[in-house]
2 protein chains.
Amino acid sequence: MKHERIYLDNAATTRTDPEVVKAMAPYFTETYAVASSQFSHMPGIQAREGLDRSREVIAQKINAKPEEVVFTSGGTEANNLAVKGTAWAHRRKKDHLICSKVEHNTVLHSCQWLEQEGFQLTLLDVDDEGFVDLTQLEKSITDRTFLVSIQHGNQEVGTIQPIEKIGRICTDRGVIFHVDAALSFTTLDLDVDRVQADLVTLTAHKIHGPKGVGALYIRKGTPIKKMMHGGYSEFDLRSGTENVAGAVGFGRAVELAQPKYVQYIRSLQKGLFEGLKKEIDGIRINGPKTLSKRLPGNVNVSFDLIEGESVVLHLDMKGISVITGSACFSRSLEPSYVMMAMGFSHERAHGSIRYTLSRYNRMEEIDIVVKSCKEVVEALRKISPLKG
Amino acid sequence: MKHERIYLDNAATTRTDPEVVKAMAPYFTETYAVASSQFSHMPGIQAREGLDRSREVIAQKINAKPEEVVFTSGGTEANNLAVKGTAWAHRRKKDHLICSKVEHNTVLHSCQWLEQEGFQLTLLDVDDEGFVDLTQLEKSITDRTFLVSIQHGNQEVGTIQPIEKIGRICTDRGVIFHVDAALSFTTLDLDVDRVQADLVTLTAHKIHGPKGVGALYIRKGTPIKKMMHGGYSEFDLRSGTENVAGAVGFGRAVELAQPKYVQYIRSLQKGLFEGLKKEIDGIRINGPKTLSKRLPGNVNVSFDLIEGESVVLHLDMKGISVITGSACFSRSLEPSYVMMAMGFSHERAHGSIRYTLSRYNRMEEIDIVVKSCKEVVEALRKISPLKG
């Protein structure tokens, strides 16, 4: 079966839209001054305008004010800033924070680092579909709690958390609510007021923007300390020469992320799930059974009796890019911590395959992927030492 | 005098070389996978190859090993990581660090933040040309000292510090030596072994590379803790999705930085200094008098009896981009801390103009700049309230 590379690793990163590259181009070779030189010369003013136009586009998408959007070097830095920045702002006053066991490791590791620094951390359990336990959340909040950090959609199994409910709980209890929306931005709606979110992590490269740029929404008045020192850029919340081209690309990517694509990706997702279930026996769906409760682009299944690693490598040889477990753990022999938290066996976690879709995928590709998976799974099962 | 915009703010940032943009292009729309997926699929391997080729180019330029080069989001993050990362690695063992009063504020503010965290900070004095006091340095090092951070070349007045001498002192005393080479990289040679540097900050956008990417050289074995948590990228020293396109652009920028350009920029620098001195009375040179002791692209002078701010704005109207004081302070009414450390009067500091050159500048531009400065200075002096 001859075909172009079928890229289904869009939760790791996406192809930069050529329109985004075009929007960035003049900011490399023409409008290249630093935005902070806006008070010194015209090229600085032009750079500032490009940066701030993008800030407005991004702010508008989440119903925020432009001055509440702080550009960072990506989702990782935004998550680090959200977690550590609020911790430092509360130090010697409050010392307890809460996140779930299935948060992205940029949140999880930041929280665990704070634990070493003397903070108290509560890790919320999730059920077998990956949903956070809200009763446990309510019980965990004390008068020492300053932050609850819960993602919008999960990176591995696509579970969409009930962030509006969590927002209400946090508001009621006077706790800062951080939403890591790196995986859901533009494919799921997020209105910071409706969700009652105080901090929201956004990133460009997962929505066909460039790598190396993201943003943290910071609701006006939220106590937070900067983590990157030196200079007063980004409302004195993030030092460093602004990545103007990157920010412009980010803004353009947001403009290009039309709602129609979500419908389209949903149809691919449905097609892939149905195709896999129809063609392959011994398959388990990881994450929510109800499609509307998982991220539009996410498909995650485990094949009984075989290793995900082998499936990934055989699909790669057939020109198809998928991953097993979490991308960040892909060389590790540890099973995915997300699946462990969901109560899965090691076998099921090791056997998991994540297919993540984007608007660049086509239904013909889905047919090829289903057919190729069937071939690979059948071939591997024949030689599997696990079979009974 | 009709002419294209003359950009002389190259110490703030530089025009991205079109060849750099060309090198980056395929990493946006073709080779866009995350480098950490190298064990899962071919697109990941290709991204990894691009990233690591760049790492080799950069390492070679400073005589380092590729695995000693950690990509960051820029010079700011590299400086933050160098200062705070070593501090955290030494906590509860050593608590004293040293930098100069004229360090870039990304180093200075990081050090001052550590001071709030309970560390001891010694700020070294500089003489009236901006050179660090080496006797004071030697006297300041104690058995509690873990870090000396001294820049290679100064951002405002271009002073080149005697980093080889400082390196010897640090090695003799068993102290980590961090060199902020953000302003000097590729225009001044830096061999990490000859300099005996343990950490070196590099950045792309000051050498015609893109904004949003830099690197920290970390000598093998240097105790340092990561500051950006979540995932194991960059030898587990900097989490986050690698900015592959940015890193590739950085590498290409290093390749394009030929030694011949340094000679050329030196000739422009000499021409600008001589032109200004010849045409304008009441002018003082800020920084080293000997050209070989200042960064190739740096020209900094003060005009008696007038404000730098006014000169900057009038030159901008004539299509010439320069700054007064430090770019990062350009809206502040505070005089430059660098010039204050050099013992200058407020008037002289406020009257300072920084012109910084790149290989894109031409000698004809220098002539226009000298002529325009003369006109502006003469006009401003006529209305100056400061004149006697």
**Heavy-atom pair count under 4.5 Å with chain B, highest-scoring of A:V213, A:T106, A:V322, A:T72** = A:T106

**Request:** Kindly compute the distance separating OH (A:Y32) from CG (B:D9), expressed to the nearest 0.5 Å.
**Result:** 9.5 Å

**Best-contacting candidate, A:T13, A:N80, A:L81, against chain B by heavy atom pairs under 4.5 angstrom** = A:N80

**Asked** Which atoms of A:Y7 come close to chain B, meaning under 4.5 Å heavy atom to heavy atom: side chain ones, backbone ones, both, or neither?
**Response** side chain

**Asked** Side chain, backbone, both or neither: which part of A:V107 has an atom under 4.5 Å from a heavy atom of chain B?
**Response** neither

**Message:** With a 4.5 angstrom heavy-atom cut-off, is it the side chain or the backbone of A:A33 that approaches chain B, or both, or neither?
**Reply:** both

**Request:** Please work out which of the three classes, parallel, tilted or perpendicular, describes the rings of A:W113 and B:W88, given edges at 30° and 60°.
**Result:** tilted

**Request:** Would you mind telling me which of B:T76, B:T14, B:T203 has the largest number of heavy-atom pairs within less than 4.5 Å of chain A?
**Result:** B:T76

**Request:** Could you tell me whether B:E117 and A:R91 have a side-chain N and a carboxylate O separated by less than 4.0 Å?
**Result:** yes

**By salt bridge (Lys or Arg N to Asp or Glu O under 4.0 Å) - contacts of A:E103 (at least two apart)** = none

**Complete:** Heavy-atom closest pair (B:F39 atom, A:E309 atom, distance to 0.1 Å) is O-OE2, 4.5 Å

**Fill in**
When rounded to the nearest 0.5 Å, the distance separating OG1 of B:T29 from OH of A:Y360 is 8.5 Å

**Asked** Can you tell if the side chain of A:H109 reaches within under 4.5 Å of the side chain of B:S239, non-hydrogen atoms only?
**Response** no

**Prompt:** Where does A:R15 contact chain B at under 4.5 Å (heavy atoms): side chain, backbone, both or neither?
**Reply:** both

**Message:** For A:V21, which atoms come within 4.5 Å of any heavy atom of chain B: side chain, backbone, both, or neither?
**Reply:** side chain

**Request:** Output the distance between atom CE (A:M228) and atom CD (B:E77), rounded to the nearest 0.5 Å.
**Result:** 4.0 Å

**Asked** Could you state the interatomic distance from CG (A:L315) to OG (B:S40), rounded to the nearest 0.5 Å?
**Response** 11.0 Å

**Asked** Judged by atom type as modelled, is there a donor-acceptor pair below 3.5 Å linking the side chain of A:K84 to the main-chain atoms of B:M227?
**Response** yes

**Prompt:** Given the options B:H229, B:H41, B:M42, which has more heavy-atom pairs under 4.5 Å with chain A than any of the others?
**Reply:** B:H229

**Fill in**
Whatever's closer than 4.5 Å to a heavy atom in chain B on A:Q112 counts as neither

**Request:** To the nearest 0.5 Å, tell me how far A:K211 NZ sits from B:N243 CG.
**Result:** 8.0 Å

**Request:** Under 4.5 Å heavy-atom distance to chain B, tell me which part of A:T31 shows up: side chain, backbone, both or neither.
**Result:** neither

**Asked** For A:M317, is it the side chain, the backbone, both or neither that has a heavy atom under 4.5 Å from a heavy atom of chain B?
**Response** neither

**Request:** Could you list the residues that satisfy ring pair (Phe, Tyr, Trp, His ring centres under 6.0 Å) with B:H205, not counting sequence neighbours?
**Result:** none

